[in-house]
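First up is the structure itself, then whatever we jot down about it.
What's counted below: heavy atoms across the whole structure, side chains too, no hydrogens, waters or symmetry copies.
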Amino acid sequence: MQQAISRNTKSQINVVLSSGSPSSMTKDDWLTDAKGREKHAPLKSIQKELEALVGMDELKELINEIYAWLYINKCRETANLKTGKQVLHMMFKGNPGTGKTTVARMIGKLFHDMNVLSKGHLIEAERADLVGEYIGHTAQKTRELVKKALGGILFVDEAYSLARGGEKDFGKEAIDTLVKAMEDQQNDFILILAGYSNEMDHFLTLNPGLPSRFPVVVSFPDYTVDQLMEIAKRMIKDREYKLSLDAERKLRSHLQSVRSREGSTFSNGRYIRNLLEKSMRKQSMRLLKEGRVDRDYLILLTERDLHLAETP
């Protein structure tokens with residue numbers, strides 16, 4: 001059985017979100033008290049949200065471990081026992097559309113419910129939001145973003161781009177400012193850096209102090225074709241549509257082709273959402289021309305309606 005969580009020599013927790021079953025903590029007995037009453041409501045709440053996501057089975061184990069760590073630390077404080085320093089800054093590694101932003105938002109809500117964060121909101125940022133045009137401008141912009149994120153999570157996507165310009169690039173100033181904020185405001189916000197796996201690995205090598213500042217590293221793998229089809233079916237059902245059998249077969253074949261062709265540039269769940277929205281607009285045009293507005297026609301997406309990228 002695949003080990004989902006391991007520690008490396010730099011005391012990082014490495015998590016791979018696979019499609020298999022969690023390797024531990026599969027029972028919910030500890031979520032109820034002796035009389036069967038529900039407790040640990042924050043954990044139950046986020047687990048309910050996670051059930052709505054396709055795949056990510058191993059994420060439950062990560063959430064369980066973080067929750068248990070925080071909860072037991074609070075119990076130790078109450079018992080006047082020593083507690084370890086809780087550093088919760090994280091790194092998310094994976095391709096676009098694999099759920100990184102969604103999970104970050106869930107974690108913010110969980111930490112708010114546990115009184116770890118006062119607000120639990122998510123501030124999304126990228127290089128342009130952090131890097132300025134002249135000396136001192138970058139530090140100012142970065143500090144302003146950190147201020148907005150206080151009480152919640154600052155989520156920096158494509159964080160590796162901050163280190164692409166070399167020593168004279170202002171991106172380095174943004175990194176230095178973030179590192180200082182992590183020290184000065186360590187209990188007031190959580191920083192999550194996200195991006196492609198290989199680029200994030202290289203990013204960590206540029207500053208020897210970075211790996212130890214991100215104790216939780218989560219890898220988000222690409223969705224399988226079966227998982228992509230499940231995402232498509234859920235999206236279609238939520239919008240009160242359905243696929244014809246021919247459309248379903250054509251979509252599956254298309255996903256197999258485009259997923260293997262595009263590799264790391266494939267946008268996973270985001271690709272599915274965009275494809276279906278374009279297909280629904282295409283169906284609307286077809287029905288308008290045909291003059292068919294009966295319920296059965298309004299619901300059905302046919303093979304002709306699928307808006308598929310051209311295969312070279």
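What you find for A174 and L162 is that their closest heavy atoms are CB-CD2, 4.2 Å. Between Q256 and S260 the shortest heavy-atom distance is O-OG, 3.1 Å. Of all heavy-atom pairs between V87 and P215, the closest is O-CG, 2.9 Å. Between K74 and M114, the shortest heavy-atom contact is CE-O, 3.4 Å. Contact record, L306 with A247: CD1-O, 3.3 Å, taken as the closest heavy-atom pair. For D305 against L300, the heavy-atom pair with the smallest separation is OD2-O, 3.9 Å.
For residues 199-211, the set of pairs meeting the salt bridge (Lys or Arg N to Asp or Glu O under 4.0 Å) definition, not counting sequence neighbours, comprises K93-D201. Screening residues 235-249 for side chain to side chain donor-acceptor pair (under 3.5 Å) gives K233-E248, D246-R249 as the qualifying pairs, with residues at least two apart or on separate chains. Sorted by first then second residue, the ring-ring contact (aromatic ring centres under 6.0 Å, His included) pairs that include residues 82-114, not counting sequence neighbours, are H89-F189, F92-F220.
The structure places CG of L193 at 10.0 Å from CG of D157, a figure rounded to the nearest 0.5 Å. Summarising the geometry, atom CZ belonging to F170 is positioned 10.0 Å from atom CZ belonging to R127; distances are rounded to the nearest 0.5 Å. One distance of note links CG of L43 with CG of L50; it measures 9.0 Å at 0.5 Å rounding. Summarising the geometry, atom CD1 belonging to I175 is positioned 6.5 Å from atom CG belonging to L210; distances are rounded to the nearest 0.5 Å. Atom-to-atom distance recorded for S267:OG and R273:CZ is 8.5 Å, nearest 0.5 angstrom. Annotation: the span from L276 atom CG to L301 atom CG amounts to 7.5 Å, rounded to 0.5 Å.
S257 places no side-chain N or O within donor-acceptor distance of the main-chain N or O of H254, the cut-off being under 3.5 Å. No donor-acceptor distance shorter than 3.5 angstrom exists from the side chain of E303 to the backbone of L245, with no hydrogens or angles considered. Under the 3.5 Å distance criterion, the side-chain polar atoms of T177 are matched with a main-chain donor or acceptor of E173. Side-chain atoms of D129 come within 3.5 Å of backbone atoms of E126 as a donor-acceptor pair (strictly under, hydrogens ignored).
Residues meeting the salt bridge (Lys or Arg N to Asp or Glu O under 4.0 Å) test with E124, sequence neighbours left out: R105. By the side chain to side chain contact (heavy atoms under 4.5 Å, CB included) test, R304 is found to be paired with R286, E290, T302, residues two or more places apart in sequence or in another chain being considered. Listed by chain and number, the residues in a ring pair (Phe, Tyr, Trp, His ring centres under 6.0 Å) with H202 amount to none (sequence neighbours excluded). Checked against side chain to side chain contact (heavy atoms under 4.5 Å, CB included), L288 has no partners two or more places apart in sequence or in another chain. For R259, the side chain to side chain contact (heavy atoms under 4.5 Å, CB included) criterion is met by D222, V225, L228, F266, not counting sequence neighbours. With sequence neighbours left out, the side chain to side chain contact (heavy atoms under 4.5 Å, CB included) criterion links N274 to R270, E277. Here F155 pairs with nothing under the ring pair (Phe, Tyr, Trp, His ring centres under 6.0 Å) rule; sequence neighbours left out. The salt bridge (Lys or Arg N to Asp or Glu O under 4.0 Å) search around D188 returns none, not counting sequence neighbours.
No path of Ile, Leu, Val, Met, Phe, Trp and Tyr side chains, each step under 4.5 Å between heavy atoms, connects L287 with L243, placing them in separate hydrophobic clusters. By the criterion of side-chain heavy atoms lying less than 4.5 angstrom apart, applied directly or through intervening Ile, Leu, Val, Met, Phe, Trp or Tyr residues, I72 is grouped together with I63 in one hydrophobic cluster. Placement of L117 and W69 within a single hydrophobic cluster is found when ILVMFWY residues are connected by side-chain heavy-atom separations under 4.5 Å, directly or transitively. Y71 and I46 fall within a single hydrophobic cluster, where Ile, Leu, Val, Met, Phe, Trp and Tyr are joined by side-chain heavy atoms under 4.5 Å apart, directly or via other members.
A salt bridge links R252 with D226: the distance from a Lys NZ or Arg NE/NH1/NH2 to an Asp or Glu carboxylate oxygen falls below 4.0 Å. The existence of a salt bridge linking K180 and D176 is excluded, since no basic side-chain nitrogen approaches an acidic carboxylate oxygen closer than 4.0 Å.
Between Y67 and H40, the distance from one ring center to the other falls under 6.0 angstrom.
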Determine whether H307 and R281 satisfy the following criterion, side-chain contact (heavy atoms from CB on, under 4.5 Å), listing intermediate values before the conclusion. CA-CA 9 Å; H307 188 96; R281 293 198 297 270; over 6 Å; no
Show your reasoning for whether side-chain contact (heavy atoms from CB on, under 4.5 Å) applies to M91 and V218. CA-CA 6 Å; M91 184 166 291; V218 186; over 6 Å; no
After noting the C-alpha distance and the side-chain angles of L53 and M106, does the key distance pass the side-chain contact (heavy atoms from CB on, under 4.5 Å) rule? CA-CA 12 Å; L53 300 179; M106 289 182 178; 3.7 Å; yes
side-chain contact (heavy atoms from CB on, under 4.5 Å) between M200 and F214, worked out: CA-CA 12 Å; M200 293 305 291; F214 297 92; over 6 Å; no
Would you list the atom pairs, donor with acceptor, under 3.5 Å between side chains in residues 141-154 and any protein atom, with sequence neighbours excluded?
from: K141; atom 1: NZ; to: A128; atom 2: O; distance (Å): 2.8
from: K141; atom 1: NZ; to: V131; atom 2: O; distance (Å): 3.3
from: T142; atom 1: OG1; to: L130; atom 2: O; distance (Å): 3.3
from: T142; atom 1: OG1; to: T138; atom 2: O; distance (Å): 2.9
from: E144; atom 1: OE2; to: Q140; atom 2: NE2; distance (Å): 3.4

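Of the N and O atoms on the side chains of Q227 and N268, not one donor lies less than 3.5 Å from an acceptor on the other residue.
Using a 4.5 Å heavy-atom threshold, the side chains of I107 and M90 count as touching. At least one side-chain heavy atom of L251 sits less than 4.5 Å from a side-chain heavy atom of M229.
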